Amino acid sequence: MTPFQRHTLLVALVAVACRGTGPGRAGAPPPGALPAPALPAAGAAPTDTVCRVAGGPVQKRDTVTIALAEPVDPAHAPLARNDAERFVFAQLYETLLRVDCAGRVLPGLAASWIGTADRWTFTLREDARFWDGAPVTARDVVAAWRLRDSAFAQSVAIEGDRVLSLRPPTVPVQPLADPALAVTKRAPGGGWPIGTGGHWVSETTGGIVWAVPLRPGAGPALRVVTALGGRLRDAVDAAVDLVLTDDPAVLAYAATRPGYLDLPLGWSTSYALLAPGRGERTVAVGAEGLRDAVHLDARPADGSDGGSVWVRELGPCEPPGDRELVASPGARPRVVYDQADRNAADLAARIVALGALGTRAVAAGLAPGAFAGAVRVGADAAYVFPIRRRVFDVCRATLELPPWSADGSVAPLLDVRSHAVARRGFPALELDWGGTPRVLVR
Amino acid sequence: MTFRSRILAGFGGVVLVPLVLFGLRVRVVMANRLTAEYERRVAAQADVIRADIARDGAVIARRLEALSEAIPADDRFRSAVLAGGDRPYVLDYAGTAMRSAGLAMLVIQDSVGRVVSSGHFRNAYDRPEPALPRALAAAEGGLALVEARTPEAPLLAIARVDSLRIAGRRYTVVGGLAIDSARLVALTPDPELGVTVALPTDTLTAGGADTAAAAVREVSLPFIQEGDSLGATRQARILVRHSLASLAALRHDVDVTFLEAVLAASAIALVLAGWLSLRISRPLSALARQTAAIDWDRLDVAFESERPDEIGRLTRLLGSMIERLRAGARRLREAERRLAMGDLARQVNHDVKNGLTPIRNVVRHLAQVAAGEPERLATVFRERERTLDSSIAYLEGLAGTYARLYPASVAGVCDTAEVIRESVWRLDRRGAELRTELVEPLPRSATDPLVLRRILENLVGNALDALDGGPGTITVAAAPGPSTNGRATVRITVSDTGKGMTRAELDRAFEGFYSTKPGGTGLGLAIVRRLVLDANGALRVETEPGAGSRFIVELPGVTG
């Protein structure tokens, strides 16, 4: 099977998974449900560069400095809340399996696996160890899962110290690679949870995170700095090795600096227009012309390769909360957005300019907390809402949508992506299914 | 209304009325002067706003002129609009230029009015808006208030239009300065002045003026609403008002001060009026109380004062009057005492005479018998011995009565007919005919027999006197009287055929010491009346001058 064929197969599996039973996916399939997907056979890591982003030959370095545009909070680990945290957590924590940007299933903590119609059995990597040196056992994996998804953990049986099995779920294997199911354990005294990745956090001071390899010589140490606002250009001037940003001004500036390469990453985020009203109000916004409305690398959301399709097909996944919270839209139509999100503001302004909600419509930016509350209530005409373009677990991602989303209209507007500004010789980045880059240290 | 109330009201009126008139006058004068001042300041502010608008128009014109020269000189912009591409630069161009030029509104439109780049609404690109530059160009002075669209809310700006050409294509540039609350506040540094922009669609207010402003001036400007496809130009008004707050505060201060003055003056007036009224009314009230206490038996009231004023004089006058009254009373009591002693002597004389007359008659009779018929002396003596005993008993009783000075009536019962007969028999008829008419059986009288005898002797004696010694008839009648509350009464009538009494004489007949007879004591009828009343009886008189008198005595009777 060629990579393209495997990719196509996995996309089909995702689509099938979205028609599953939602939160009860780990249990027995309901009557009439589709049969469980087959577990792809374990294989060696792909040698192609489909999911790799590299800027040329790698130069060996002891330390690389990475500048991120958003803050990283250890308290969130391993459940990231922004792109910077996704990048950092991806370096530190492992899941049972990995799924790359092409949908290929790769070994994670599990070195091998066997799938039958009744049971999927996974064998953990023999050298898998926590940062504190303790070996990773099947019991540790189940304990970590129980903390994040107890229903899913109930379907797991511990077969041995390093062997565990589970009933084949009705959804594809991507949930097993969901960072939400990364294997961690609580660190004594709090702080960063103890993971199993190749790097561990040795120090966090002054907004700088030091992630050093577990084994000497296993790659460079990662020095992660947070450069908010316009300070990313200062980071470029300070000769950092990697800048992750979606700001075109920074990209334009970096392009003027010698030794830097602009490496587009995957289309990881989509902006959607969510309109409540149980289908009574469908906001039609032409994708044409929207691209110019924002200041970042964007393209019309076309749903290619399955991206952002999941928000249109939430049927099997029950949104959380009380649907009766849905209120009637106000007399003056408002397009509401998070005022901390400039792209959302631009899109809301463009929607007002296009008159998609009538000539009396206005855009209204709300503080993040107020925006979250307004979205939950759904009393406005529409909301400009960022969603992850591809998710590992549709039903878990559904929990991030407002409770009325299943009855309202969800119209993807734009796909946007970040760029990596890398100095020549920087290690290659590998993109996972969700578009998160991971530094390839070997 | 009391004297004190009148004094208080008078003081209040004298103090408060001028104060109220003064306060009202101050309010009116103050309001007129301040209102005139407000109008002057409002007019000056309106002139300042006109000048500001004109200056803003000039500033906008200069900046648009500079932009109209800079835009065609920007090669990146030229190539983008002519050849396409570099769209973000074009879209952001107006925003950057707007901020650089210090404008709040900037729209670059192509020859058909399509928005090429908008500074105040970046994502309004490609929107057709041909009416706006046309309306601005047609506005008076090329300057107008524009209500521009933005995503969040309308933007009000004072704007004008300019044009430029790039490779023969005509573009318009609309630019303006914001007219928002901050700008209005900046226009009106005086916090008491307020500026309101009254639009055909809305109202924008700034400054401290309230809606109840005293003075209002307005500055008119053309008004254009972006998005109005017709590009109609209406009129917006910039209203300058002056707040009445300071006037109201001044009025309030005046009112408070005035109220304080009224309260203070009222308090002082009340205290003064109270003190004065007390000083005047208290001695008058004391005089009234002392005067009210004066009586015939209470002439010991002292009216003394050292005051030199009218009240002191009045007090002293009353004191001297009381002194004169006391002297008169003393003289009167002395006269009464003397008169009463004389009356008593005459009464005693009268009563003794009544007792001695039968004795004298018996003695005279016995002397006549001893002289003429000595053998019958013993017989006659026996016949008249009863008369002597009766008279002696009468005198002894009289003596006992006077010994008690004023005998209390003695409750007793007597045989009415017996007492009448005995009394009539003993009386000296003085030539008159004395009859008795008794209706038997008569009830016994609930009266001491001596009292009844004195009543009869006095009435018969009075009747004899009424005959003036001439012939006449005196009738003593007695009969049962009408029952009173079931008790029997006895009616005794003594009538004469004498001269009778006039009305005036009758009115004074029972007064003590009043008599129409020479040498009369005037006590007879007074004694009769007192004795009858003491016996719980009644006495009345029927008389007519020349026809005689009739005295009717009704005494309580005893049945059985």
Side-chain angles (χ1 to χ4, degrees), chain A residues 246-252 255 271 273 285-300 332-339 341-367 371 380-384 413-414 416, chain B residues 76-77 80-81 83-96 98-99 104-110 113-132 147-156 174 180 201-202 224-232:
Chain A
D246 59 5
D247 187 346
V250 175
L251 298 178
Y271 280 94
L273 187 65
V285 179
E288 291 303 323
L290 283 179
R291 185 181 174 282
D292 293 328
V294 296
H295 289 79
L296 73 169
D297 194 359
R299 69 177 187 185
R332 190 178 182 87
R334 293 201 310 174
V335 183
V336 179
Y337 60 91
D338 181 350
Q339 64 185 17
D341 188 340
R342 183 186 175 189
N343 303 313
D346 287 339
L347 283 171
R350 185 58 183 163
I351 289 165
V352 170
L354 291 173
L357 295 169
T359 56
R360 296 184 68 246
V362 295
L366 302 180
F371 176 71
D380 294 289
Y383 302 87
V384 178
L413 303 173
L414 286 179
V416 299
Chain B
R76 192 173 170 187
F77 186 88
V81 296
D86 208 356
R87 191 77 183 275
Y89 181 76
V90 173
L91 297 187
D92 289 334
Y93 186 88
T96 306
M98 183 181 76
R99 285 188 291 275
M105 175 188 183
L106 183 64
V107 188
I108 302 173
Q109 295 171 262
D110 62 16
R114 186 172 298 275
V115 175
V116 174
S117 183
S118 172
H120 63 279
F121 189 4
R122 191 251 186 198
N123 283 326
Y125 55 86
D126 292 341
R127 196 173 69 193
E129 203 67 60
L132 177 62
E147 187 180 75
R149 289 184 65 193
T150 72
E152 308 280 348
L155 167 73
L156 188 63
V174 174
D180 53 10
T201 55
D202 200 357
I224 302 166
Q225 194 172 19
E226 188 183 14
D228 181 357
S229 58
L230 300 176

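All values reported here derive from a predicted model rather than from experimental measurement. Chain A is the first sequence line, chain B the second, and so forth, proteins listed ahead of strands; every chain is numbered from 1.
- A salt bridge is defined here as a Lys NZ or Arg NE, NH1 or NH2 lying under 4.0 Å from an Asp or Glu carboxylate O, and B/R87 with B/D126 meets this definition.
- Looking at B/S117, its side chain does come within 3.5 Å of a backbone N or O of B/V90 through a donor-acceptor pair.
- Scanning all heavy atoms of the two residues, the minimum distance from B/V116 to B/D110 falls at CG2-N, 3.7 Å.
- Note: B/Y93 and B/F77 have tilted aromatic rings, judged against thresholds of 30 and 60 degrees for the angle between ring planes.
- In this structure, chain B has heavy atoms under 4.5 Å from both the backbone and the side chain of A/A349.
- Heavy atoms closer than 4.5 Å to chain B are found in the backbone of A/V294, but not in its side chain.
- Only the side chain of B/F121 comes within less than 4.5 Å of a heavy atom in chain A; its backbone stays farther off.
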